[in-house]
J.: 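Sending over a structure as structure tokens; questions will come in a sec.
These numbers were taken from a predicted model, which means no experiment stands behind them.
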Amino acid sequence: MRPAEELLVELGVSDPRDIDLPAIALCVGAEVQYRRLIGCEAQIIGFRDRAIIYVDERVKNPRRKFSTGHELGHWHHHRGQSFVCRSDDIGKPTDPNSKNAERQADAYSGDLILPPFMIEPRLSPLGDISLEGILTLSQQFSASLTATAIRIMRMTRQPLILISQDLAGKRWQWPSIGVGTLKVRADIDLRSSATVSLAGSNKIGPSRKESASYWFDRRHIEQFDVRVQSVRTSEGEALTLLRVLDPRMIDTYG
Ligand SMILES: [Zn+2]
């Protein structure tokens, strides 16, 4: 178990509804206050075994919760120090083993808000993972759709890739362990459902079968289809869940 999960277990928190960050903060000597901040989104002022955490009151949930968790991450990893965290410092999709202080704080927040030990038993009831299933989990955990989706990508063995795009193309992709080294194209195909989502509303689009060539730039890949589902996030990007349907595609290109 990771440190944030150990803290939850130690406090007897086993239900996502009980992940109350200001209450958890008090248990580790930190007090959380929401107030207007200038020039940063959140900060922690630590001295010996006490700390005060400020989070900008204009930041709304689920982001507010994540920023609070981020400061608790600094408190765990960098006890006694003070940090001033700008929006750019907080909440980047990241390698949980990174040694960068901001990324460590992010990883801690992610583990606190979407603890793997609580996600695990909820994964198999989802069956074939869809954006609707991810949305349901994100609501149970009061987390963003993107953060929940990344957590699931890190835990599932289903052959899925999560892709974030804007009109300029790919911003990032997060493959599950089930797809090997398969990587999607850097540009966005105008025929893909991601393009439709970018132009449309913030509703989850239908799950569609599309030619793999809309998504991958590999020789003869058009012989395969993939199943995709997209949604436009509140940040204005298209988030797509792509499922590889034929294991031979991974054998050939993964
Ligand atoms: Zn920080």
Side-chain angles (χ1 to χ4, degrees), residues 1-119 137-151 154 172 233-236:
M1 263 195 192
R2 298 172 62 85
E5 294 182 278
E6 282 169 2
L7 175 62
L8 292 171
V9 170
E10 196 183 304
L11 297 175
V13 177
S14 57
D15 189 294
R17 283 169 302 189
D18 298 330
I19 305 176
D20 174 347
L21 295 196
I24 290 169
L26 284 177
C27 298
V28 293
E31 187 189 332
V32 178
Q33 287 188 17
Y34 298 104
R35 69 173 195 189
R36 186 159 288 221
L37 299 178
I38 308 290
C40 69
E41 180 166 327
Q43 66 184 118
I44 181 163
I45 300 162
F47 182 70
R48 294 192 181 145
D49 59 347
R50 313 292 297 170
I52 186 150
I53 288 170
Y54 295 113
V55 179
D56 194 315
E57 63 187 8
R58 290 166 294 184
V59 176
K60 301 293 173 228
N61 274 329
R63 174 81 183 181
R64 177 190 283 208
K65 192 174 176 187
F66 191 86
S67 297
T68 309
H70 175 101
E71 298 308 321
L72 283 170
H74 282 313
W75 189 231
H76 174 79
H77 287 291
H78 320 113
R79 181 74 43 119
Q81 299 176 44
S82 298
F83 284 84
V84 174
C85 306
R86 293 168 297 123
S87 297
D88 281 357
D89 295 326
I90 302 171
K92 295 229 168 75
T94 183
D95 171 4
N97 299 317
S98 169
K99 292 282 171 274
N100 175 290
E102 298 307 326
R103 303 289 72 80
Q104 284 184 322
D106 274 352
Y108 188 93
S109 185
D111 290 340
L112 204 52
I113 293 168
L114 293 157
F117 81 94
M118 289 190 207
I119 298 281
L137 276 193
S138 76
Q139 288 163 342
Q140 283 175 14
F141 285 82
S142 310
S144 75
L145 185 68
T146 304
T148 309
I150 291 174
R151 169 66 75 207
R154 284 169 45 191
W172 49 262
T233 65
S234 46
E235 290 83 37

J.: Would you check if the side chain of W75 reaches a backbone N or O of V28 as a donor-acceptor pair within less than 3.5 Å?
T.: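 Looks like yes, one N/O pair under 3.5 Å.
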J.: Check for a donor-acceptor pair, side chain of R151 on one end and backbone N or O of G110 on the other, with a separation under 3.5 Å.
T.: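 Yes, because the side chain of R151 sits within donor-acceptor range (under 3.5 Å) of the backbone of G110.
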J.: Heavy atoms, side chains only, cut-off 4.5 Å: are F66 and V59 in contact?
T.: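 With C-beta onward as the side chain, the pair stays apart.
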J.: Would you mind checking if D20 and K65 are paired as a salt bridge, meaning a charged N to carboxylate O distance below 4.0 Å?
T.: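 No salt bridge links K65 with D20.
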J.: In this structure, which one of H78, K99, H70 forms a side-chain hydrogen bond (donor to acceptor under 3.5 Å, both in side chains) with Q104?
T.: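 That would be H78.
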J.: Determine whether Y54 and I45 satisfy the following criterion, side chain to side chain contact (heavy atoms under 4.5 Å, CB included), listing intermediate values before the conclusion.
T.: CA-CA 8 Å; Y54 295 113; I45 300 162; 3.8 Å; yes
J.: Any side-chain heavy atom of F141 within less than 4.5 Å of one from P62?
T.: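 No, their side chains stay 4.5 Å or more apart.
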J.: Within this structure, what is the CD1-CH2 distance for the pair I150 and W172, rounded to the nearest 0.5 Å?
T.: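 Rounded to the nearest 0.5 Å, the CD1-CH2 separation comes out at 4.0 Å.
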J.: What heavy-atom pair brings P115 and E5 nearest, and what distance separates the two atoms?
T.: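 Minimum heavy-atom separation between P115 and E5: C-OE2, 4.0 Å.
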J.: With rounding to the nearest 0.5 Å, note down the distance linking CG in N61 to OG in S67.
T.: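 N61 atom CG to S67 atom OG measures 9.5 Å (nearest 0.5 Å).
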J.: When you compare the side chain of D111 with that of P116, does any pair of heavy atoms fall below 4.5 Å?
T.: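 Yes, side chains in contact.
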J.: Would you find a donor on one side and an acceptor on the other, under 3.5 Å apart, between the side chain of S109 and the backbone of A105?
T.: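 No; zero donor-acceptor contacts below 3.5 Å.
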J.: Under a 3.5 Å distance rule, please check whether R58 uses its side chain to pair with a backbone N or O of L37 as donor and acceptor.
T.: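 Flag set: sc R58 to bb L37 pair under 3.5 Å.
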J.: Measure across V84 and C40 and return the closest heavy-atom pair with its distance rounded to 0.1 Å.
T.: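 Closest pair (atom of V84, atom of C40, distance): CG1-CB, 3.5 Å.
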J.: Considering only heavy atoms from C-beta outward, does the side chain of M118 approach that of I19 to under 4.5 Å?
T.: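 They are in side-chain contact.
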J.: So, D106 side chain and G91 main chain: donor-acceptor pair closer than 3.5 Å or not?
T.: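 Present.
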J.: Atom CZ in F117, atom CD in E6: separation rounded to 0.5 Å?
T.: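 One gets 10.5 Å once the value is rounded to the nearest 0.5 Å.
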J.: Quick one: closest heavy-atom pair of A30 and I53, and the distance?
T.: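 Residues A30 and I53, closest heavy atoms: CB-CD1, 4.1 Å.
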J.: Indicate the atoms forming the closest heavy-atom contact of F83 with E102, along with that distance.
T.: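 Nearest heavy atoms, F83 then E102: CD2-OE2, 3.9 Å.
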J.: Just do the side chain to side chain contact (heavy atoms under 4.5 Å, CB included) check on I24 and L8 with the steps written out, would you?
T.: CA-CA 8 Å; I24 290 169; L8 292 171; 3.7 Å; yes
J.: What distance separates S234 OG from K60 NZ, expressed to the nearest 0.5 Å?
T.: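 Going from OG on S234 over to NZ on K60, the span is 14.0 Å.
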J.: List the atom of G69, the atom of Y108, and the distance in Å for their closest heavy-atom pair.
T.: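 Result for this residue pair: O-CD2, 4.0 Å.
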J.: If you take all heavy atoms of I90 and E41, which pair is closest and at what distance?
T.: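 Heavy-atom minimum between the residues: CD1-CB, 4.1 Å.
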J.: Quick one: NE2 on H77 to CZ on R103, what's the gap to the nearest 0.5 Å?
T.: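 Output value for this atom pair is 12.5 Å.
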J.: Could you list all the salt bridge (Lys or Arg N to Asp or Glu O under 4.0 Å) pairs where at least one residue sits in residues 77-88, not counting sequence neighbours?
T.: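 For residues 77-88: R86-D89.
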J.: Using side-chain heavy atoms (C-beta onward) and a distance below 4.5 Å, is Q33 in contact with E57?
T.: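 No, their side chains stay 4.5 Å or more apart.
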J.: Indicate yes or no: at least one non-hydrogen side-chain atom of H74 is less than 4.5 angstrom from one of C85.
T.: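 With C-beta onward as the side chain, the pair touches.
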J.: How long is the straight-line distance from CD of Q43 back to CG of D56, given to the nearest 0.5 Å?
T.: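 One gets 10.0 Å once the value is rounded to the nearest 0.5 Å.
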J.: Do L21 and V32 have side-chain heavy atoms sitting under 4.5 Å apart?
T.: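 SC-SC contact between L21 and V32 ruled out.
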